[in-house]
Amino acid sequence: MWLVALVAAVAAERVAELVVSRRHTRWAESQGGVEYGRGHYPVMAAVHAALLVGILAEVTLADRPFLPALGWAALGLAVLAQALRWWCVRSLGRHWNTRVIVVPGTALVSRGPYRWFRHPNYAVVVVEGVALPLVHTAWTTALLFTLANAAVLAVRLRVENAALRLAA
């Protein structure tokens with residue numbers, strides 16, 4: 001089934017993110033970087049993994065159909081979200097991370113999408129969390145991920161904003 005290939009591709013992309021993040025973590029630590037909010041990270045990772053598992057489970061168990069008008073539009077949004085995510089990663093350079101690590105004495109990045117938005121990557125996650133499940137009408141997964149992600153983001157944004165204030 002092509003949906004399995006799509007979810008596998010997104011999972012592979014997540015692994016690539018973790019590789020980049022680990023490299024950036026080593027750099028940040030070598031520069032005296034400080035990690036904040038370590039406690040929410042496992043929950044965030046579990047919510048993101050549950051999105052991928054939930055898509056496949058819902059489509060299989062609830063026999064969700066592929067509706068072309070919805071599916072193709074959602075796939076387009078999901079692909080656009082990936083492009084925007086990597087624009088965020090490139091714009092932040094070594095400062096991008098899946099964790100909240102601040103290197104003291106560094107200025108906030110104001111290039112790329114960060115010229116207009118403080119946290120564009122989180123907007124990408126919100127769009128992807130709705131679009132990816134709707135590629136194959138997994139609306140329950142889209143709804144549950146959106147609710148869980150909202151709770152995670154409430155914590156994450158509070159932690160990240162406080163960390164950035166301390167570093168400034």
Side-chain angles (χ1 to χ4, degrees), residues 1-25 37 39-93 95-100 109-161:
M1 170 186 263
W2 66 270
L3 183 63
V4 173
L6 175 63
V7 171
V10 172
E13 188 277 333
R14 292 298 185 274
V15 170
E17 282 183 32
L18 292 173
V19 168
V20 171
S21 179
R22 185 159 293 168
R23 186 174 61 237
H24 291 175
T25 296
H40 77 277
Y41 188 80
V43 175
M44 184 180 75
V47 167
H48 283 255
L51 171 66
L52 302 180
V53 171
I55 291 167
L56 296 176
E58 181 177 353
V59 169
T60 301
L61 298 174
D63 196 27
R64 299 288 192 226
F66 176 77
L67 303 176
L70 175 62
W72 292 119
L75 181 61
L77 280 173
V79 169
L80 179 62
Q82 291 303 322
L84 292 173
R85 169 178 283 118
W86 285 98
W87 186 26
C88 291
V89 172
R90 287 186 55 86
S91 296
L92 287 176
H95 297 281
W96 180 85
N97 210 302
T98 59
R99 298 180 178 274
V100 179
V109 172
S110 60
R111 64 182 169 273
Y114 294 89
R115 282 181 286 200
W116 305 291
F117 303 105
R118 185 157 185 165
H119 300 289
N121 192 59
Y122 300 139
V124 166
V125 171
V126 169
V127 169
E128 182 186 54
V130 173
L132 196 56
L134 291 181
V135 167
H136 216 289
T137 64
W139 61 269
T140 303
T141 299
L143 177 63
L144 292 175
F145 176 81
T146 298
L147 294 172
N149 188 52
V152 168
L153 279 180
V155 172
R156 176 75 172 208
L157 286 167
R158 191 168 46 251
V159 166
E160 191 166 317
N161 286 332

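All heavy atoms count here, side chains included; hydrogens, waters and symmetry mates do not.
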* **Which residues share a side-chain contact (heavy atoms from CB on, under 4.5 Å) with Val152, sequence neighbours left out** => Val43, Met44, Val47
Under the side-chain hydrogen bond (donor to acceptor under 3.5 Å, both in side chains) rule, collect the residues that match up with [X], sequence neighbours excluded.
X	value
Asn149	none
Thr137	none
Thr60	none

* **Ser21 side chain to Thr98 backbone, donor-acceptor under 3.5 Å** => yes
Could you list the donor-acceptor pairs under 3.5 angstrom formed by side chains in residues 7-20, with sequence neighbours left out?
unit_1 : atom_1 : unit_2 : atom_2 : d
Glu13  : OE2    : Trp86  : NE1    : 2.7
Arg14  : NH2    : Glu128 : OE1    : 2.4
Arg14  : NH2    : Glu128 : OE2    : 3.2
Glu17  : OE2    : Arg85  : NE     : 3.1

Please list all pairs meeting salt bridge (Lys or Arg N to Asp or Glu O under 4.0 Å) that have one or both residues in [range], counting only residues at least two apart or in different chains.
range	result
residues 39-51	none
residues 131-156	Arg156-Glu160
residues 52-75	Glu58-Arg64

Taking every non-hydrogen atom, the tightest pair across [X] and [Y]:
X	Y	result
Gly39	Pro42	O-CD, 3.4 Å
Ala138	Val59	CB-CG2, 4.1 Å
Ala142	Thr146	O-OG1, 2.7 Å
Ala81	Val124	O-CG1, 3.2 Å

* Can you find a heavy atom in the side chain of Pro120 that is under 4.5 Å from one in the side chain of Tyr114? -> yes
* **Side chain proximity check, Tyr41 to Val100, heavy atoms < 4.5 angstrom** => no
* Kindly write out the residues that satisfy ring-ring contact (aromatic ring centres under 6.0 Å, His included) with His95, not counting sequence neighbours, or none if the list is empty. => Trp27
* What residues, two or more places apart in sequence or in another chain, satisfy ring-ring contact (aromatic ring centres under 6.0 Å, His included) together with Tyr122? -> His119
Measuring from [X]:[atom1] to [Y]:[atom2], what's the distance to the nearest 0.5 Å?
X	Y	atom1	atom2	answer
Leu70	Trp139	CG	CH2	13.0 Å
Leu147	Leu143	CG	CG	5.0 Å
Leu6	Leu75	CG	CG	6.0 Å
Leu132	Leu51	CG	CG	5.5 Å
Leu3	Leu56	CG	CG	5.5 Å

* Asked: Which pairs, with at least one residue in residues 45-65 and sequence neighbours excluded, count as a ring pair (Phe, Tyr, Trp, His ring centres under 6.0 Å)?
  -> His48-Phe145
* Which pairs pass ring pair (Phe, Tyr, Trp, His ring centres under 6.0 Å) with one or both residues in residues 50-78, sequence neighbours excluded? -> Trp2-Phe66, Phe66-Trp72, Phe66-His136
